[in-house]
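By convention in this document, chain letters (A, B, ...) are assigned in the order of the sequence lines, proteins followed by strands, and residues within each chain are numbered from 1.
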Amino acid sequence: MRHIISVILENEAGALSRVAGLFTQRGFNIESLTVAITNDPSLSRMTIVSSGSDRVLEQIVKQLNKLIEVVKVSDLTSQDHVERELLLAKISSNSKEGANIQELVEIFGCKVVDVTDKVYTIEVSGKSKKINAFLDAFDPASIIEVTRTGVTGISRGKKLI
Amino acid sequence: MKLNGAEILIDCLQKEEVEHVFGYPGGAVLHIYDALEAQDKITHILVRHEQGAAHGADGYARANGKPGVVLVTSGPGITNAVTGIATAHMDSIPMVIISGQVPSPLIGMDAFQEVDATGITRSCVKHNFLIRDISEIAMTVKKAFHIATTGRPGPVVIDIPKDITIAKMEVEEYPTTIEMRSYKPTIKASDRQIKKAAEMLANSKRPILYAGGGCVIGNASKELREFTRMVGFPITQTLMGLGTYPMTDKQSLGMLGMHGTYEANMAMHGSDCVVAIGSRFDDRITGNLEKFCPTAKFIHIDIDPSQISKNVVAHIPIVGQTKQVLQALIDQMKDKKLEDISKWWSQIEEWRKVDSLAYKKSSGVIKPQTVIEMLYEVTKGKAIVTSDVGQHQMWAAQYYLFDEPRQWINSGGLGTMGFGLPAAMGAKLAMPDRDVACVTGDGSIQMMLQELSTMLQYSTPVKIINLNNGYLGMVRQWQEFFYEKRYAMSYMDALPDFVKLAESYGHMGIRVEKEEDLKPALIEAFNQKDRTVFLDIVTDPSENVFPMIPAGGGHSDMLLAGRDEMVSKDETDFNAV
Ligand SMILES: Cc1ncc(C[n+]2csc(CCOP(=O)(O)OP(=O)(O)O)c2C)c(N)n1
Ligand SMILES: [Mg+2]
C-alpha cells in the first residue's frame with residue numbers, strides 16, 4: 001500500500017543524505033521525496049511517498065525515528081489529510097492538444113505560465129492522480145518536457161504532525 | 001584564554017574523562033597529536049593499523065563499559081578504521097572516533113588523503129559529524145559522547161578538518177548537560193505493558209527467557225539473575241549475552257541458535273512463551289523463521305523500538321532499558337502465583353541428557369574442545385576471553401562457561417576476523433588486573449598480527465590461544481557439509497612459525513602438539529604475569545562444531561556430533577507438557 005510519510009528534521013547538512021541512505025541501505029521503496037525548510041528555519045520538513053506491507057511501513061517509521069536528526073515522523077495516510085503535487089510541463093503548441101490548450105486548462109483548473117511561438121508552459125497542481133490524468137490527456141509526442149515535485153502533504157484541521 | 005581547535009578538542013576529551021585513546025597519526029591530525037603530547041591525563045596507544053585502533057577501543061569499551069576513543073588521520077586512516085567501526089556498530093558498542101579531514105577549503109577538491117568520511121561511515125555508525133567551525137567543537141564532542149553512550153549505544157564519528165584544529169578562539173565552558181530535541185532515547189517502559197507481560201508470564205506453562213547482548217550493555221545482569229531465580233524459568237543466552245546469567249547455574253541451558261545446545265534450542269521450539277531480553281532475533285538465532293518457535297507467544301524487551309517486530313512479531317513489546325524493565329517485572333511478579341512448570345523442567349532435563357556438547361577424544365590429536373575446557377580449568381573460569389571468528393569462536397562460546405557479564409568479548413554481529421587480538425589488548429588496558437585470553441585461529445590471527453608490536457610497547461600481557469587446525473576451519477566445515485567436501489581455498493598452506501613470530505615481536509611462544517603438554521603450557525603461560533604468551537596449539541583439523549542447525553533448518557533440526565542423520569524431535573507433543 002502507498003503511504004505518505006511526513007518527517008520533521010533538523011535543517012542540517014547531511015540530514016537529507018541520511019534519510020535517502022536509509023532507504024537504499026534497508027531496501028525500502030521510495031516513490032518520491034520532497035524537502036524544504038519550515039516556518040522554523042532550524043527545521044526542515046520532508047514528505048516521502050513509499051509503499052510496502054504494514055510490517056515494512058512500521059520499520060520505515062521506526063528507522064526514520066532512530067535517525068539522530070529526525071525530530072518527528074508521522075504517517076499521513078492513516079489520517080485525514082490534504083496532499084498535493086505540482087507539475088510544470090512544456091507542451092508543443094503545434095500539436096492537436098496544443099490547439100485546444102485553453103479547453104484542457106479549464107477542465108483541469110491549471111495555468112499557462114509561459115507562452116512562446118512553439119511552446120506552452122503549464123502549471124498543474126493537485127493530487128498525483130490528477131496530474132497523471134492531465135498528462136494522459138496529451139499525445140506523448142506533444143509533451144516536450146515535464147518536471148514534477150513529488151507529493152507533499154499535511155493533515156487537516158487542528159491536528160499537527 | 002585562547003586555545004586552538006586541537007587543544008580545545010583534547011580539553012573536551014579530558015572533560016569526558018577519557019583515559020585512553022587508540023590511534024595513529026598522519027598529516028590531518030598532527031595538530032591534535034601536538035596537543036595530546038602537551039598533556040598527561042590521556043594515554044595514547046599507538047597501534048600498528050587503524051583497524052587495530054578501532055578493535056582495541058571496542059574491546060576496551062566491552063570490558064569496562066566506558067566509551068572507547070579512537071583517533072585517526074584522514075583518507076586511509078579513516079578507511080582502515082571502517083571495519084572496526086562497523087564491528088562496533090553491529091554489536092552496539094559505545095565509541096567515539098575522531099578522524100582528521102583535509103582543510104575545509106580543500107574539501108571536495110580531491111585533495112591529498114581526502115575521503116568523504118561522513119559519507120563512508122554513515123551506514124555503520126550511530127551518528128556522525130563533520131565539524132565546520134571551531135566554535136562547534138565542544139558541543140559536538142558533548143553530543144558525540146551523549147549519543148554514543150545512551151539509548152542503544154553505538155559508534156559516533158567526528159570528522160574534523162585540519163584548519164579547524166589550528167584556528168584559535170576564546171575557550172568557553174565545556175557544557176555539562178545536553179538537551180537534543182531530536183534525540184530522546186526512550187527510557188521508561190510502559191507500566192501497562194509490564195503488567196500485561198507479568199500476566200502472560202504467570203500463566204505460561206512452558207516459558208523460556210532468551211537473554212542477549214542488551215543485558216550486558218545495559219548492565220542488567222543483577223536484575224536478570226534476580227528475576228530468573230525468582231520465577232524459576234529456564235534461561236538461554238545468545239552469543240552476545242553469554243555470562244550475563246551464570247552459565248554454570250542449573251537454570252541455564254547454555255547458548256541457543258545455530259551452534260546452540262540441544263536443550264536450549266528444543267526448549268525454544270517447545271515454549272509457549274519466549275521472553276526476549278535485549279536480544280534481537282538475529283538469523284543465527286532463529287534459523288528458518290517459518291519453523292521458529294511454532295507454539296510461542298513473544299514478549300520482547302528492547303531499548304530500540306526498531307528491533308521490535310522486525311524479524312518476529314512481538315505479542316507484548318516493551319521498549320525500555322533491560323535493567324529497569326527487569327526490575328519492574330520483579331516488582332510486578334513478586335507476589336504473583338505462577339503456573340507449575342515442573343513438567344516443563346523434566347522435559348528439559350530429558351533434553352539435557354542428550355549431552356549435545358559431548359565429543360569423542362582420539363589419541364594423537366588435541367581436540368579443540370579440550371583446549372577450551374582446560375583453559376577454563378587453568379583460569380578457574382575467571383579470565384576475560386576474547387575471540388576471533390570461526391570454529392574456535394564457537395568452541396570458546398560453548399565450552400568456557402562464563403559466569404559474569406563482560407567476560408566474553410567477541411564480534412557477534414559482523415563476525416570480523418582479526419577482532420580478537422586488538423580487542424584483548426583493549427580489554428587488558430581496561431582491566432589490567434584480570435587475566436585476558438584471546439582464543440583465535442590460524443586464519444584470524446594473521447589478520448591483525450601487527451598489534452603484537454603494540455602489545456609489547458604498552459605491556460599488555462595477554463595469552464593467545466591459537467587453535468591451529470591449518471584450515472579456515474569454519475569454511476572447511478561448511479564445504480564438508482554443503483559442498484560435497486570440495487575444499488575451495490579453506491586450506492592454509494605455508495603458515496608461519498608462530499613461536500618464532502611471537503619471539504620476534506619480543507613475546508614468548510610455545511608450541512603444543514601433544515595433549516599431555518597442553519595443561520603445563522597453559523599453566524606456564526598464565527604464570528607469566530607480565531608477558532604476552534603465544535600458545536600455538538595444533539588441533540584436530542577435521543573437527544567440526546556441533547550441534548549445528550543447517551541453513552533452512554528450525555530449532556528442532558539439529559545435527560549432533562557423532563550422529564549421521566538429523567535429530568528431529570518435532571513430533572514431541574509439547575502441549576502435553
Ligand atoms: C574479515 C573476514 N573475512 C572472512 C570471513 C569469513 N570467515 C568466517 S570464519 C572463517 C575461517 C576462520 O579461520 P580460522 O581463524 O583459522 O578459525 P577456525 O574456523 O579454523 O577455528 C572465515 C574465512 C570473516 N568472518 N571475516
Ligand atoms: Mg583455523
Side-chain angles (χ1 to χ4, degrees), chain A residues 1 3 5-30 33 35-46 48 50 52-75 78 160-161, chain B residues 86 89 92 104 107-108 116-133 136 139-140 143-144 146-148 150-159 178-186 280-281 289 300 302-314 317 319:
Chain A
M1 199 187 131
H3 285 255
I5 302 161
S6 285
V7 185
I8 301 282
L9 67 171
E10 295 289 349
N11 182 15
E12 271 169 23
L16 170 63
S17 53
R18 259 181 246 284
V19 174
L22 173 71
F23 275 72
T24 39
Q25 183 193 340
R26 297 206 177 253
F28 298 145
N29 163 313
I30 199 162
L33 186 158
V35 60
I37 194 169
T38 65
N39 50 335
D40 174 347
S42 69
L43 292 173
S44 304
R45 180 164 178 147
M46 202 179 258
I48 301 167
S50 181
S53 65
D54 289 352
R55 285 269 298 277
V56 171
L57 257 294
E58 182 181 334
Q59 268 298 307
I60 293 178
V61 170
K62 285 175 168 176
Q63 294 291 349
L64 281 168
N65 263 316
K66 209 166 128 176
L67 294 177
I68 305 294
E69 285 147 342
V70 166
V71 181
K72 233 172 210 177
V73 181
S74 161
D75 187 346
S78 57
L160 305 179
I161 181 173
Chain B
H89 183 57
S92 312
S104 313
I107 291 180
D116 174 12
T118 48
I120 284 175
T121 58
R122 188 183 306 124
S123 60
C124 63
V125 292
K126 184 168 173 187
H127 195 59
N128 60 23
F129 295 95
L130 169 60
I131 295 188
R132 287 162 194 282
D133 189 87
E136 294 171 13
M139 196 40 108
T140 305
K143 280 184 187 171
H146 175 59
I147 293 168
T150 52
R152 181 181 181 182
V156 177
V157 167
I158 303 175
D159 198 32
I178 176 112
E179 195 44 49
M180 291 173 72
R181 64 180 167 185
S182 65
Y183 175 68
K184 305 216 182 296
T186 324
R280 58 187 175 91
F281 296 95
L289 274 175
H300 193 170
D302 205 296
I303 194 153
D304 176 0
S306 74
Q307 293 313 305
I308 289 171
S309 298
K310 184 182 68 179
N311 296 335
V312 169
V313 177
V319 177

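Separating the OG atom in B:Ser306 from the CD1 atom in A:Ile60 is a distance of 13.0 Å, to the nearest 0.5 Å. In this structure, B:Ile308 CD1 and A:Lys62 NZ are separated by 6.0 Å, a value rounded to the nearest 0.5 Å. Remark: B:Arg122 CZ to A:Leu22 CG distance equals 10.5 Å, nearest 0.5 Å. Taken to the nearest 0.5 Å, the CE atom of B:Met180 stands 6.0 Å off from the CD1 atom of A:Ile68.
Contact annotation for B:Ser309: both backbone and side-chain heavy atoms come within less than 4.5 Å of a heavy atom of chain A. With a threshold of 4.5 angstrom between heavy atoms, A:Ser42 approaches chain B through its backbone and through its side chain. Both the backbone and the side chain of A:Glu69 have a heavy atom closer than 4.5 Å to some heavy atom of chain B.
Counting heavy-atom pairs under 4.5 Å between each of A:Gln63, A:Gln59, A:Lys72 and chain B puts A:Gln59 at the top. In terms of heavy-atom pairs under 4.5 Å with chain A, the best-connected choice from B:Asn128, B:Val313, B:Leu130 is B:Asn128.
For A:Arg55 (side chain) and B:Asn311 (main-chain N/O), a donor-acceptor pair under 3.5 Å exists by modelled atom type.
By the neighbour-count criterion of 12 heavy atoms within 6.0 Å, atom CG of A:Asp54 is sparsely surrounded, having that number or fewer from other residues, nucleotides or ligands.
For residues 10-20 of chain A, heavy-atom neighbours of chain B at less than 4.5 Å comprise A:Glu10, A:Ala13, A:Ser17, A:Arg18, sorted by residue number.
Residues meeting the ring pair (Phe, Tyr, Trp, His ring centres under 6.0 Å) test with A:His3, sequence neighbours left out: none.
In plain terms, the two heavy atoms of B:Ser182 and A:Val71 that are nearest each other are CB-CG2, 3.6 Å.
When side chains are defined from C-beta on, B:Arg181 counts as touching A:Leu43, because their heavy atoms get closer than 4.5 Å. Put simply, the side chain of A:Lys66 reaches to within 4.5 Å of the side chain of B:Gln307, judged on heavy atoms.
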